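Accompanying notes for the structure given below.
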Amino acid sequence: AGDGVGACLITKTDTNPFFVKMKEGAEAKAAELGVDLKTYAGKIDGDHETQVAAIETCIADGAKGILITASDTSSIVSAVKQARDAGMLVIALDTPLNPIDAADATFATDNFLAGELIGKWAAATLGDEAANAKIAMLDLAVSQPTVGVLRDQGFLTGFGIDVKDPGKWGDEDDPRIVGNDVTAGNEEGGRKAMENLLAKDPMINVVYTINEPAAAGAYEALKAIGREGDVLIVSVDGGCPGVANVKDGVIGATSQQYPLLMASKGIEAIAAWAKDGTKPAPTEGKNFFDTGVALVTDKPAEGVESISVAEGMDRCWG
Amino acid sequence: MQPILKARDLVKRYGRVVALDSCDFDLYPGEILAVIGDNGAGKSTLIKAISGAVTPDSGKIWLEGREVRFHSPLDGRHAGIETVYQTLAMSPALSITDNMFMGRELRKPGFLGSVLRQLDHKAMESFAREKLNELGLMTIQNINQAVETLSGGQRQGVAVARAAAFGSKVIILDEPTAALGVKESRRVLELIQDVRSRGIPIILISHNMPHVFEVADRIHVHRLGRRLCVINPKDYTMSDAVAFMTGAKEPPPEPLAA
Amino acid sequence: MQPILKARDLVKRYGRVVALDSCDFDLYPGEILAVIGDNGAGKSTLIKAISGAVTPDSGKIWLEGREVRFHSPLDGRHAGIETVYQTLAMSPALSITDNMFMGRELRKPGFLGSVLRQLDHKAMESFAREKLNELGLMTIQNINQAVETLSGGQRQGVAVARAAAFGSKVIILDEPTAALGVKESRRVLELIQDVRSRGIPIILISHNMPHVFEVADRIHVHRLGRRLCVINPKDYTMSDAVAFMTGAKEPPPEPLAA
Amino acid sequence: MSETQDYEKAAASSPSSVAVFAAHDQGAVKRIQHALHQTPWMVPAIVLAASILVFGLLLGEKFFSPFALTLILQQVQIVGILGAAQSLVILTAGIDLSVGAIMVLSSVVMGLFSFRYGLPTELAVAAGIACGTFCGFINGFLVAVMRLPPFIVTLGMWQIVLATNFLYSANETIRAQEIAEQAPLLQFFGNKIAIGGAIFTYGAIFMVLLVLFLAYVLRQTAWGRHVYAVGDDPEAAELSGVQVKRTLISVYMLSGLICAFAGWALIGRIGSVSPTSGQLGNIESITAVVIGGISLFGGRGSIMGMLFGALIVGVFSLGLRLLGADAQWTYLLIGVLIIAAVTVDQWIRKVSV
Amino acid sequence: MSETQDYEKAAASSPSSVAVFAAHDQGAVKRIQHALHQTPWMVPAIVLAASILVFGLLLGEKFFSPFALTLILQQVQIVGILGAAQSLVILTAGIDLSVGAIMVLSSVVMGLFSFRYGLPTELAVAAGIACGTFCGFINGFLVAVMRLPPFIVTLGMWQIVLATNFLYSANETIRAQEIAEQAPLLQFFGNKIAIGGAIFTYGAIFMVLLVLFLAYVLRQTAWGRHVYAVGDDPEAAELSGVQVKRTLISVYMLSGLICAFAGWALIGRIGSVSPTSGQLGNIESITAVVIGGISLFGGRGSIMGMLFGALIVGVFSLGLRLLGADAQWTYLLIGVLIIAAVTVDQWIRKVSV
Ligand SMILES: Nc1ncnc2c1ncn2[C@@H]1O[C@H](COP(=O)(O)OP(=O)(O)OP(=O)(O)O)[C@@H](O)[C@H]1O
Ligand SMILES: Nc1ncnc2c1ncn2[C@@H]1O[C@H](COP(=O)(O)OP(=O)(O)OP(=O)(O)O)[C@@H](O)[C@H]1O
Ligand SMILES: [Mg+2]
Ligand SMILES: [Mg+2]
C-alpha cells in the first residue's frame, strides 16, 4: 500500500540490543507494508548531534516520516520542527520529546513506571527488612540521560524513598542508599560499579540496575565474594537474555518493555499518514500512546502486578 | 683591561659524567678567542653555559663586569650574545628564510605590516640570499627549500650566516666550519675577521689548528672539563697546542695571567 | 682491472633541485677513493644512491660486474657495503653499545642465548669500549650513555667505529672526521689505511685537503651534481684540486680513463 | 699565517653566481607534481572533489543539489571550528582532547548566565568566551610552564571540564523555544542566508572565514611561523630565539577561545543548550586534522587541509546515509574510507616531489 | 705526506686511559636521583606507593586490606593487558586506537564459534586469538608497508572492527550461565586463587606475568632493541640495519595477539560474552601508558611503568569512591589526579639527573 513511501528510524545507538530489536521490528513491518525504511543511529548514548544530522539527511532524502528515540529530548526539538515544517510525520519512540507535543505522536513505555514497578516489588519482597535495606544504584552515565533518570527515580519512588530533584539522580540522602555508580549499561561497567560499591559496604542487599547487562555484571561481582545468593537484583528492559537471567535467579525481577511493538506501530502510522494524512491518536487518558510495561518475575509479590517468566519469555525481544 | 665576559668555577654534571669541572673563562673586548680541546672535553657545554642554553650547577658569570644569570638562551641573546650551536638549532621543516629570521622577522611597511602584521617575505628572502652569497654558498638553488633538504654543509652555512648577520655584543661559533667546503670555510674565516674589525669579540671553537692559529688572538686550551691554560699563538707552535690539549705535554707552569 | 663498483648516468632530482645530474662513478679494488666537492655538490646524494639509501631517478649501478638495484640500505649492506652517513644514523635515545650493534646483536652462548634469545650485554659493551679506545675517544666516561648525550665528536667517533668494526666489501665514509679532534682524526686516518691494507676499498668524502692528499689513491672531483674529473694526487697539487672543484680552473682535458 | 693554507687561495677566483641546471623535462605532469608538493592542502582538496563527484554520480540530484551540498557545510561546521582549534595545537606537536568539553562548557555558561542568572545575553556570551579561553589557558600553562605532556594535560582537562559541565548545568537542557524568545543572540550562528536551494548558516560561514583567517595568520605573521617552529623542534626554536612558552600558552588560549566560539555556534546549530553535546568532538576534530594532512608530530601541514578533511568525512557520511547504508555499515564504510582517503593522499604525495 | 700535518703528531704520546673524575659529592641523595634517572619505571612506582599510602591512611582497613588491594588488581587487569599491547605500539612512535575493538571482536569470535557453530572451545579460543592477530596484522601492514599514519590506520580499524563486531554478533550477549555450563574454558581467566582475604584471579596473574615477560623481551632481546630503535628514529634505524617494516608488522601483530588474550580475560572477568564491552579500552590504555612515563613520541620508557600507571588510576578510582565521592565528582577528581600524578613524575625526573 505504501509503495515508494520513505521512512526513517533514528535510534540512540544501534549497539544496545533494545534498539537493535526495535530496528528489526520496524524493518519487518516496513517490508510487509512496502515502506522504504532507512535507519540511523547515534554513535554513543547522548550523541544527539548525529541524530540531528540524520534528521537533515531524511529531509534531503524526501522521506515521509521519522521515528526517533531522542538522545536529548529537548535539543532535538529544533531539528524535529524543521522536519515537520518540511511536511514529515515525526513520531517519538520510547522517550517523549520535551515538550511532548513537539512530535506528532509518541509511542513509548513509561520508564518511570518501569522503575516504580521494580521498586515496589523489591520493597514488598523485603517486607519489614525494607527499612534496613542497603541499596546500590547502578545508573547509566554521568551525563544522566532521561531514561536513566526516570528509571532510577521511579525505582526509588516505588521503594518508598523520597526523591529530591526528580530530574536528576544521586541527590538523595536516604541512609539506605549506599551509593550511585555508573555502568555504561554493559556487563563490564556493571561489575566494576558493583565492586566499588561493595568495597564501600559489603553488606549491600538490594541492587537497582539500569538494564540487564549491567545486572549480569553486578551478579559476577557478587559471585566473586560469594554473596550472589542473598542479594536482590532488579532491572529494566525485558530482553530475552535478561528474562533468562530472571529464570536462573540472577535477577529477581525486571520490567519488560516492548520495542518491537513501538516500531511496528510507528511504521504503520507513517504508512497511514502517507496514504491519507491520518495522524495516530494517543492512548486514552494519556498524552502518548503507551506500549505498556510489565513486571517479569517468578516470585510475585503482594500488591504488585506481574507476569511469569514463561510469559515474559514469550514476549521478550532479544 | 677588564674582560667583557668572565666566568669562574663553572660546574656542570650529567649524572656520573662531569662536563664542566670548576672551569674558568675570560674573553676580552675585541679579541678572537679560540677554544680548543679533545672531543668531549666540555667545550660545547662551556659555551652553552655562557650563552644561557644550559644552567650550570654552580659558578658565576659576569658580562661587562655585572654578574648575570641566564635562564634561557633568549636571556643570553637579549644580553647581546649570539651563538651558532654545534647542533645548529634549526627547524628542519621550515625554509632557509624562516630559519634565518626566526624571532626577528621583518614586517611589511605601512598598514599591511603594522596592523595586519604581514611579513615581508620578499625582503627577507633577498636578504637571506645575499648573506648566503657572501659565504659562497652558491649551490643553494632554491632559497625557499626546507632546511632538512639542505646538505650538511649548506645547513651549517645558513646557521653561520644567521649569527654573523645579526651580530651584537659577543658572537660564539661552535665549530662553524666542520662541515664546510674549502671555499666556504675560507669565507667564514674572512667573515670572522670582518666581525672583529667591527669591534665585536668572538669565541671560536674549532678542531682545525691551522685556522685557529691563523685568526686567534689567544687560545683557551680545554681539557677534561676545565681550562688547562691560555696561550698566545705567537709564542707556541701548533704542535705545542696539540700536545697540551691531548695531555701529551704539561702546560706552561704559569697560565697567562690574561 | 674491472671496477668493483661502477655507476653510470645517475640522476636524482628533488623538485626543482638537481642533486645528481648524469653522474658517473668508479671504484677499483683495494683503493682509497676520495670524493671532493663544494657544499651541496651532490657528494652525499651520490654515495646514498650507491649504498641504497636513496633510489636514483635513473642510471645504473654495477657491483663486481653484476648490475644491482638496491631498494633499501639493508640491501646495500647485505651486498657488503658499509656506510657512515653524514647524519650518522644513530638512535639518539639508545646507548652507545645498542647503536654499535644495531641489527647484528650478540647473543649469550648456550641456552640463554639460543632459546631465551638473551643478549650478551657484557660482551657487546667490552667490544664497544675497545673500539672506542682504538679511536682514542678516551673522554667517553660511561659506555652506557645514550647517544644523544654525547658531544658532536664523540657521536661521530662511535659511527666510524661501527663501520670500521664490521667492515666488509666496500666501506663508505661521508666526512668521517668533520667533528673530530686532532688526535681522533689522526686515528681515523690510520684506521682507513689499516682497512685498505686488509684489501677493502674505501670511499672517503672529505673537505680536508691535506687528509685527502695524504691517504687517497685517486680523487674524484664532484661539481654541480656530476663527476668533473678524476685526478691522481701525485700529479696535481692541492691548489689544483681546489681550483677544479670550485670552478676556478678548467679540469684536465681528458679525465683519467681509470 | 702559515703557508699550509695556501691551497685554499685557489678557490678565490671561483665563479660567484648561483648554480643553475638546465630544466630538463619540466612537462605538465612534473609541474603538477611540484605544485602538489608545494601546497600540502591540495591533496585533500583533490580527494574531496573526487568523492563529491563519485557520490554525485551515484546519487544524482539528491546529492548534487545546492541544498545537499550546503547541508554538508552545515553538518561539518562544528567539527570544522573545533578542527581549527585542534590544528593549532597539533601544529605545536600537541594534541587537545578537551576541545569538545570546552565547547560544551562554554555553551552551558552562555546559557546559564542568560537564564539562571538573568544577565544580558551579550554579557553571557562574553562570559562563555572567557570561560573557554581560561580553560585553554590552564592547558597552555600546564603544557608550557609545567612541561607536562599535552595528551595527559588535555585528557585530564577533558574529564574535569566535562564533569564540571554536568555538575554545573545539573544536566538540564535549555530549550530552543525559550532561547528564541528571551536570548536570540545565543542562536546568532543559526541564522541563515538562502541563495536558491543553497542554505548558508552564519555558523558555516564563520567556519570558513575562521579557517581563512588562521591560514593567513599562520602563513603571514611572525607568530604563525613561531607556531610551526615550536612544533617542528622546540629545542631548536628556543635556541634560535622563539619564546616557546609564550607561543605555546597563546596557542592553547586561542584554541580555547575558538572552542568557545564553537560552543556558541553549537547553540545556533541545535537551537538549545544541551550539556550532553560534543562528546565526540575531540575524536572527530582530530580525524579531520589528520585526514587534512597535518602531521601529529607537529610543524607540518596546513589548516586549509583540515577544512577539506572535515568536509571529506562530511561528504562520506551524508553520501553513505543517502545511499541507505544502515548505521553500522556506515561506520564500517567510513572506517574504510578514512584509510582509503589517507592512502590516496600518501600515494599522491609519493609520486609528486 | 705533506709536512703540514706534522703538528698532529704531537698527539701521539697522549695518555690512553679513559678519563675519570673525582667522585665529588656522591651522597645518598645523589645516588637515589641517579637511580631514578636510570630506571624510568621507578617514578610511577613511587607515585603508586605514595597514593596507596595516602588512601590507606585516609581509609584505614577498608582500603588497606588484602581484599581491596587485590580488587584493584582485578579491576585493572583488562586495562593492564591492553596497556601492554598499547605500550609496544607506542614505543614504535605509533598509537593503537583499535585495541578495545580488537579485544571485543576476539571475545565475540570465541563466544560465537563455541555457541553459534558449536565448535570445541579450544578451537573457538584459537579462532579468537587468530582473529585478533589478523586485525593486528592489517594494522601493521598499513602502517609499515603502505606508510600510513598509525593514528589514522587504527582509527579506521577501530570503526571497522567495532562495526564488524556488532554486525557479526547481532548485538547478542551470551550469558554467563550458559558459558559456565557448556564452555567453561572461556571463563578460564576468571578462576581465582584466594590467599587469606587476597583474591588473585588468573586474569590478574596473567597481566603481571605478561608485563614481566614483555619487559624481559624488550630489554634483553635484539627484537626488543629494534622496537626502541624504530620508535626513536625510523630513518636512522633503517640506515643502521634494522628491518623496520618487519619490526613494525611484528609489533602490531603482537599487539593484536595480546588484545585477543585481553578478550579472553574479559570473558573471565564479566562472565559473559558481550559485544558492547571495551568501548573505553583505547583511551584507558593510552592513559595508563602515558602516566607510566612512556613517551608518545616513541622510543622512550618502560613497560613496567605502564603497569604502575594502570594501577595508579585503579587506586584513585577505588579510593575516591570509598571516600564517598559520587560518580561525577570521582570523574572530576580523577581528571585532577591524572594531571597531578604526571606533575609529580615530571618533578621527580627534574630533580634527578
Ligand atoms: N645532556 C647530556 N647528558 C649527559 N652527558 C652529556 C650531556 N651533554 C654532554 N654530555 C657529556 O659531557 C661531556 C662534554 O660534552 P661537550 O659537548 O661539551 O664536549 P665538546 O668539548 O664540545 O666535544 P666535541 O669537540 O666533540 O664537540 C661529554 O663527555 C658528553 O658525553
Ligand atoms: N631530500 C632533499 N630534498 C630536496 N633537496 C635535497 C634533498 N637532499 C639533498 N638535496 C639537495 O641536493 C643537493 C646535493 O646535496 P648533498 O647532500 O648531496 O650535497 P653534498 O655534496 O653532500 O654537500 P656537503 O658537502 O655540504 O655535505 C643540495 O643542493 C641539497 O639542497
Ligand atoms: Mg662540542
Ligand atoms: Mg654531504
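In what follows, chains are A, B, ... by sequence order, proteins preceding strands, each numbered from 1. Note that the structure is predicted; figures quoted are calculated from it, not measured.
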Do you know which of [options] has the most heavy-atom pairs under 4.5 Å to chain E?
options	answer
C:Leu132, C:Asn144, C:Leu116	C:Leu116
C:Leu94, C:Val182, C:Asp120	C:Leu94
C:Glu148, C:Arg187, C:His78	C:Glu148

**Asked** Do other residues, nucleotides or ligands put more than 12 heavy atoms under 6.0 Å from the CZ atom of E:Phe134?
**Response**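 Count not over threshold, so no.
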Can you tell me which portion of [X] sits under 4.5 Å from chain E's heavy atoms? Options are side chain, backbone, both or neither.
X	result
C:Arg162	side chain
C:Arg104	neither
C:Met90	backbone
C:Leu106	neither
C:Glu134	neither

Taking the side chain as everything from C-beta on, heavy atoms only, tell me whether [X] gets closer than 4.5 Å to [Y].
X	Y	result
C:Gln118	E:Thr221	no
C:His121	E:Gln220	yes
E:Tyr228	C:Asp98	no

**Asked** With a 4.5 angstrom heavy-atom cut-off, which part of E:Glu235 approaches chain C: side chain, backbone, both or neither?
**Response**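 Neither part.
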**Side chain / backbone / both / neither for E:Arg300 at chain C, heavy atoms under 4.5 Å** =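 It is the side chain, since no backbone atom gets that close.
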Residue pair [X] / [Y]: nearest heavy atoms and the distance that separates them:
X	Y	answer
E:Ala222	C:Leu119	N-CD2, 3.6 Å
E:Leu239	C:Pro73	CD2-CG, 3.7 Å
E:Ala236	C:Ser91	CB-N, 4.4 Å

Rounded distance (nearest 0.5 Å) linking atom [atom1] of [X] with atom [atom2] of [Y]:
X	Y	atom1	atom2	result
C:Glu105	E:Trp223	CD	CH2	13.0 Å
E:Arg225	C:Met102	CZ	CE	7.5 Å
C:Ser72	E:Gln243	OG	CD	8.0 Å
E:Ser240	C:Leu74	OG	CG	9.5 Å

**Request:** Could you have a look at E:Gly299, E:Gly241, E:Pro234 and say which one has the most heavy-atom pairs with chain C under 4.5 angstrom?
**Result:**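 That would be E:Gly241.
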